[in-house]
Amino acid sequence: MSILQLTPEEIAALWLSAKVAFFCTLLILIPGVLLGWVLARKRFFGKALLDSVVHLPLVLPPVVPGFLLLLLFGSQGFLGKWLQETFGISIAFTWMGAVVASAIMALPLMVRSARLAVSQVDRGLELAAQSLGAHPLRVFFSITLPLALPGILTGMVLAFSRSLGEFGATITFVGNIEGETRTLPLAIYTYTQIPGGDIPALRLVLLSLLLAFAALYFSNVMEQRALRRIGSGDDRA
Amino acid sequence: MSILQLTPEEIAALWLSAKVAFFCTLLILIPGVLLGWVLARKRFFGKALLDSVVHLPLVLPPVVPGFLLLLLFGSQGFLGKWLQETFGISIAFTWMGAVVASAIMALPLMVRSARLAVSQVDRGLELAAQSLGAHPLRVFFSITLPLALPGILTGMVLAFSRSLGEFGATITFVGNIEGETRTLPLAIYTYTQIPGGDIPALRLVLLSLLLAFAALYFSNVMEQRALRRIGSGDDRA
Amino acid sequence: MIELDYALRRGEFATRVNVTLDDRVTGVFGPSGAGKTTLLGTLAGLVKPDAGRLVLDGECLLDTERGIDLPLHKRRIGMVFQDSRLFPHLTVSRNLEYGYHRLPREQRRFSLAQIVELLELGALLRQKPHQLSGGQRQRVALGRALLSSPRLLLLDEPMASLDVRLKMQILPFMQRVRDEIDIPMLYVSHAIDEVLQLTSRMLVLEQGHVIGYGDFVNVMRDTQVLALARSLGMENVLQVELLSHHPAEGYSVARLGVQSLFIPLSAGAVGDRITISTAASNVALASEPVSGISIQNQLPGTLGQMRQVDHRMLVDVVLDTHTLVAEVSAKAIPDLALSPGMKVHALIKTQALHLYGQAL
Amino acid sequence: MIELDYALRRGEFATRVNVTLDDRVTGVFGPSGAGKTTLLGTLAGLVKPDAGRLVLDGECLLDTERGIDLPLHKRRIGMVFQDSRLFPHLTVSRNLEYGYHRLPREQRRFSLAQIVELLELGALLRQKPHQLSGGQRQRVALGRALLSSPRLLLLDEPMASLDVRLKMQILPFMQRVRDEIDIPMLYVSHAIDEVLQLTSRMLVLEQGHVIGYGDFVNVMRDTQVLALARSLGMENVLQVELLSHHPAEGYSVARLGVQSLFIPLSAGAVGDRITISTAASNVALASEPVSGISIQNQLPGTLGQMRQVDHRMLVDVVLDTHTLVAEVSAKAIPDLALSPGMKVHALIKTQALHLYGQAL
Amino acid sequence: EDKVTVFAAASLTNALADISAAYEKEKEAKVTQSYAASSALAKQIENGAPADIFISADTKWMDYLQDKKRIEAASRSNLLGNKVVLIAPKGRGFKVDFNAGFDFAKAFDGRLCTGDVEAVPIGIYAKQALGNLNWWNSVKTRIVGAQDVRAALAFVARGECAAGIVYETDAKVSDKVEIVGVFPQETHTPVVYPVARVAGAKNADSAFLTYLKSPFAADIFRKYGFTPLF
Ligand SMILES: Nc1ncnc2c1ncn2[C@@H]1O[C@H](COP(=O)(O)OP(=O)(O)OP(=O)(O)O)[C@@H](O)[C@H]1O
Ligand SMILES: Nc1ncnc2c1ncn2[C@@H]1O[C@H](COP(=O)(O)OP(=O)(O)OP(=O)(O)O)[C@@H](O)[C@H]1O
Ligand code: MOO
Ligand SMILES: [Mg+2]
Ligand SMILES: [Mg+2]
């Protein structure tokens, strides 16, 4: 099974991908759910615009958001300068930059899922909770959020998966630096550029799949649990 | 506003992108909804595997699915040969191939959304419909499907958007042929490959956005209508 | 005929039912959580018992041993749910038509117009379920189930949230369904008198078990069942035979044992046996026959057992074939010198007798 | 005091309510679709009227003109919904605690244990709502609302799907809530006698409009309202004053005008005015006082109007201060030679009188 | 009507587009062009892409197809050459001596951008050159690989990288970078763009291939900074 014998570089890529995807999911969880909730429940001026902006990364070829991130977070960029001056950190060319790149690409998936889930939560229950004296904030955390959980999980799965597969924005924003930003897709890309790189590429593809399956399995278990909590499991009644 | 003055090639790319995204959405609508439904409602051997396979295109760098499509649908490929012999058509290097490429990339988004939507349809209503003598197939079309509509629309928006932004799989599978497979993302890429291409690239980015916004607007109108139909609009009660 | 034989355990709740229902209409009673909805659900196929066998008119619907499990939509069992379950995306009229317009013409037992008129749904036809009030929703659900012309109709507290006027209007229709169209029904309701308008046959459940099945009068003999009935003011439930009708004067005469009884005008045929009831509080006692009084029924009998229940004094009046329960004030006992064995007359106003099991 | 003044149009349905409720407990009646749920929803803040003003105990909850609209969670108005609305992801005990455990200790009016015991929820605490029967769900909803200790409690047919035993158990508790804790309530129910156990004050709605508000007795004078009441067997609703109690014998004596009336033992204090009712079918007529009979109340009066309603003969008996309605059989009229102006005695059994507005 | 399909490395986009336009006018023929990474194009041709002519950005992918007998070996020739240059953001140039003794690592602060050194042609040339100059070990941890040469150029133009290694053609057209120096020819294998006819090409006519080697085409290639090798 020498095809499964991993080189240290490949192990590093695997580990990096897992780390990036994990933090990407974590990073967009809260803003994603909040945006989803706002879009599902609120009416305000500029809602259509916000909705559109959220979808941007999905609509554009990944290189474009990657390039925009470079403009923003680069050493000359507005946010990049601010981060550098305030915290002394620079995320360009670091794994944190890879997290940001895939987070931007995955955000629309998270927001859309959360929005769908929230919009299907029974308003009547939220109102009932409020009539029991619960502040809307508490209602959100104690009623809306738990009931929207299956959808939020879906969003997280999509985000995690997208992050695992993200290539264009990442390489454009943070480059392809071994051990720092060379995630599995970048490593796979590298192999595909070399004649005869098919076999090692295939090995990395399998590795990606393994990681994705693990995440999927975990999320399915969580989802079943969430559905069972609200009593809409596989029961016949 | 000479920046908005489009060349005939750019108009062709715009039109092609719209066409590809439209047919991509159309192509995966039925399989996407069916897969979503199966994953939400059925229990069977191999469900976990199917679930994973559906997510593959999301997890892999787009070049990989593109390359696999090339292997399958190329003139040497299994499906390519079959199509050629049976129908005398070849989809590789045609706009139909671009549709297939972005369909594969968008499928997981469609399936996940549909799955989430179906799993939130009240089983009780489906059972009530059956008790009125409706065959499960009729129940699916008359009850499950309309109630899952907001989620299916979400899936369609995500699919359409993803198709508009799809680059890696498309260029790998069907190349970058003007008027045939050069969609907006590919045209943008082409501009980034040449000196001084930034301004026209930006123009195409804006064009992409316009197309995406139109699609989003349309879908939002549809979604509001669907939600109003089932009485969970923005009403306070 | 419905053969029910199933066992089911769900968490803390375990139910084991084995009974054969041989009536066109059966009332199902029992306290909250007794397993009534579960019983209906099992029949309809919504709930799958752990083990069991269900046979409806000779056709086996379910047999876990033989691996038979007829799918819901082939059972043709209509159900009106406690929580109406209207289709939220369809208008009222589409909801009503759902089980109807695919039905072969010869299987249709009502016309849409008929149901709409009867349930006063005309003004609601274009509404969506979320625009309906609770009572309106339940009426639509009832109409929808009826229009699907099932071979068995299961009703789960269908009128709990209807106002009295509507109840009064719908009940006769349910009676018509029972009499004319001959759809067998299982009717769950906490309002015994509501059910008694449809049938005197009932099934009483408690904690998942059948504690009584049969004619109301007989079922009521059971002490467990009686306790429930007492709290409903149904102490006296009698089967009588119609002797004559006097429409002009608005009464009928019925035979109770060897005695004649004036009852409100009945629609039954002479010779029919019908069920009547009255609360113990409607039965007065007199030591002698009383004249110059509007109370028509003065039945001679003997005082039987006397007992105090809470604050109430209940005394049995033993007639030749039946026993009546009268409630008297404690004060009346010394006043009338009541004691067991004493000869008394039981006085019951014609209007205080309720007739069941017939059209209003 | 609750000032309600609002107008609202929803599709075909238009409602316009302008009434000030000055009672601790008010019953809300009306046929299906009259706007009862809408009224409660408006108060709680679930429904936003097109225009209006709502004032609760001096605090303005809503004033569309002045742009005031107190958010739901600040209104502190508890509601028990027709469709229970339990939180599906929380266990029964978490549902109960939802409005409770965040409440400042001094605002808590019940303990969790108290409510659990009273509503018999002990065995259900760890269940999820989807595992409950319809009646169980409604009990939890009731407990949840009570535990949030609101300053106004809105009840929308809270007991429609409860069995009689539970109703009987819960009603006294509702009475305690009313008496001891002094939570004002609006109570929607189709069962008038259920409501009358809590209050004799009521608001009657029809097609979105208030057709009656005030004491049940007065409201009943309205012909529209009367029609509804009649169908409920509530023809006689009387206010009486308690004169004495005789616990050993199980009765009390009350004053009706200048006459004394034996009624079932009341928990009220001597001097209290309480409401009692009885159906016309419970009132018998005699030309002379009758002795040797268990009927304690024999009220002298004069025959008034006589009329036929459907198959029923209703006759007025004019007492010195009140008028009773008696139902007699058509046959009794020639038998007793009944005619207006004739002196008669109205006979009512002690046990046939229902007491309202007090603990059982 | 004549039809010819050209698959060419993406960096040739402008030049080939101009030449094709002229050819179309002159010969009343149709030139279909597809621009992508050489790797993608080679794989597509391997899988039966309807290409007549393939222009690769390096020899490796042309060799790959030749091994697979997917090109007509006889028709293969080196079409263009290019130079590998060291660049810096405009105004931040530094002095370099292209010999092994020079301490390249100290010559600049920050990162060195180029194409991916394993996969992207420019990156491979860069690695060779750095290796031959004995600079590789001291800077390899500071190298940022980009998806392609244009992306590497962008990194330098934005000032994210203090230095970059790109083709001369790219460096010349950006006014945000300056050329610090040209890597000596002997430090890397020559940069050549080989061209060949695809095996079994439907369009047997080599008119377009001939046209590509015409003086007119040479002028256009030169205009975009390439060195015609014919
Ligand atoms: N969202 C809505 N849109 C349109 N009409 C509505 C809406 N909600 C309620 N209605 C209508 O408002 C009227 C009053 O409804 P409401 O729920 O207040 O009645 P109700 O008195 O509580 O009746 P019930 O006793 O049957 O519960 C009904 O005719 C109903 O059809
Ligand atoms: N999915 C479930 N899981 C566990 N227990 C359940 C489930 N569904 C119902 N039960 C329990 O089964 C018992 C019977 O429920 P059922 O709905 O049949 O009662 P019911 O007789 O219809 O009562 P009600 O009159 O209150 O509607 C209840 O104790 C309930 O708690
Ligand atoms: O579509 Mo991409 O640019 O290969 O991630
Ligand atoms: Mg039930
Ligand atoms: Mg209501």
Toward chain B: residues of [range] with heavy atoms under 4.5 Å:
{"range": "residues 223-230 of chain E", "result": "none"}
{"range": "residues 34-45 of chain E", "result": "E:Ser34, E:Tyr35, E:Ala36, E:Ala37, E:Lys43, E:Gln44"}
{"range": "residues 148-163 of chain E", "result": "E:Asp148, E:Arg150"}

Under 3.5 Å, which donor-acceptor pairs link side chains of residues 22-34 of chain B to any protein atom two or more places apart or in another chain?
{"residue": "B:Thr25", "atom": "OG1", "partner": "B:Ala21", "partner atom": "O", "Å": "2.7"}

Working for side-chain hydrogen bond (donor to acceptor under 3.5 Å, both in side chains), residues B:Tyr191 and B:Glu10: CA-CA 11 Å; B:Tyr191 276 127; B:Glu10 288 166 358; 2.8 Å; yes
- prompt: Between B:Thr94 and B:Glu180, does any side-chain donor sit less than 3.5 Å from a side-chain acceptor?
  reply: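 No donor-acceptor contact under 3.5 Å links the two side chains.
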message: Counting the benzene-type ring for Trp, do E:Tyr211 and E:Tyr23 have ring centres under 6.0 Å apart?
response: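 That pair passes the under 6.0 Å test.
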- request: Please find out if less than 6.0 Å separates the ring center of B:Phe87 from that of B:Trp82.
  value: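 Ring centres of B:Trp82 and B:Phe87 closer than 6.0 Å.
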- request: Tell me, with the steps shown, if B:Thr183 and B:Lys19 meet side-chain hydrogen bond (donor to acceptor under 3.5 Å, both in side chains).
  value: CA-CA 9 Å; B:Thr183 55; B:Lys19 182 166 81 171; over 6 Å; no
query: Using 4.0 Å as the upper bound for N to carboxylate O, is an ion pair formed by E:Arg70 and E:Glu46?
result: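 Result for this pair is no, no salt bridge flagged.
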- request: Could you please spell out the steps behind the salt bridge (Lys or Arg N to Asp or Glu O under 4.0 Å) verdict for E:Asp63 and E:Lys60?
  value: CA-CA 5 Å; E:Asp63 295 344; E:Lys60 273 185 323 185; over 6 Å; no
field: More than 12 heavy atoms from other groups under 6.0 Å of CZ on B:Phe45
entry: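 Not buried by this count: 12 neighbours or fewer within 6.0 Å.
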field: Heavy-atom contact with chain B under 4.5 Å, split by part of E:Thr32
entry: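 Answer is side chain: those atoms of E:Thr32 sit under 4.5 Å from chain B.
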